Amino acid sequence: MDVFNDEVNSFRERIRKRAKERLEEAMKEVEEEERLKRLGPGGLDPVEVYEELPEDLKKCFDTKDIQMLKDTFEKYDPAEAQMWLKKCIDSGLWVPDKHPLRRTRLKRRARRLEMMENPSMQRPPDGAS
């Protein structure tokens, strides 16, 4: 009877061990799938790139201060700044303005509205000095 109980206990241990291994495998697969979903347009993981960033650049992203980010990049050697900027773009941490014309149009529209509200800002007609 002891042999039987030993075999049953051994079988239970093998089942527990295999269940633990399969759970670990499943967790690794899920983590890899999540990492693949996170990948930016250039194929880099934004979490990994963020962790690699120097502290001053991390602070810019934490505060979401674009001007601070631009100023910080200006402090770096151009080659190093370009490397970090490329990593940020490839990971999706930084999305360059895809529509610069849209921004120009918005500025013009805001200027027109401002001129409509404040007639003294309007330009004199052509030919008038």
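These values consider heavy atoms only, across backbone and side chains, with no hydrogens, waters or symmetry-generated copies. For clarity, every value in this text was computed on a predicted model and none was experimentally measured.
- To the nearest 0.5 angstrom, Asp2 atom CG is 12.0 Å from Glu7 atom CD.
- Distance check: Glu25 CD to Met27 CE gives 13.0 Å after rounding to the nearest 0.5 Å.
- Distance CG/Leu69 to OG1/Thr63: 8.5 Å, rounded to 0.5 Å.
- Contacts of Lys58 classified as salt bridge (Lys or Arg N to Asp or Glu O under 4.0 Å), with partners at least two apart in sequence or in another chain: Glu55.
- Considering only heavy atoms from C-beta on, Asp56 comes within 4.5 Å of Tyr76 through its side chain.
- Asp90 places none of its side-chain heavy atoms less than 4.5 Å from the side chain of Val49.
- Checked by atom type, the side-chain pair Asn9/Glu13 shows no donor-acceptor distance below 3.5 Å.
- The number of heavy-atom neighbours closer than 6.0 Å to CD1 of Ile66, taken from other residues, nucleotides and ligands shown, is 12 or below.
- With rounding to the nearest 0.5 angstrom, the CG atom of Leu57 is 11.0 Å from the CE atom of Met68.
- Residue Trp94 comes nearest to Leu85 through the heavy atom pair CD1-CD1, 4.0 Å, listed as atom of the first residue, atom of the second, then distance.
- The CG atom of Leu44 sits 7.5 Å away from the NZ atom of Lys86 when rounded to the nearest 0.5 Å.
- For the pair Asp45 and Tyr50, the minimum side-chain heavy-atom distance is 4.5 Å or more.
- From Leu93, atom CG reaches atom SG of Cys60 across 12.0 Å, with rounding to the nearest 0.5 Å.
- Of the candidates Glu80, Glu52, Glu51, Glu52 is the only one forming a salt bridge (Lys or Arg N to Asp or Glu O under 4.0 Å) with Lys87.
- Surrounding CZ of Arg18 are more than 12 heavy atoms belonging to other residues, nucleotides or ligands, all under 6.0 Å away.
- No path of Ile, Leu, Val, Met, Phe, Trp and Tyr side chains, each step under 4.5 Å between heavy atoms, connects Trp84 with Val47, placing them in separate hydrophobic clusters.
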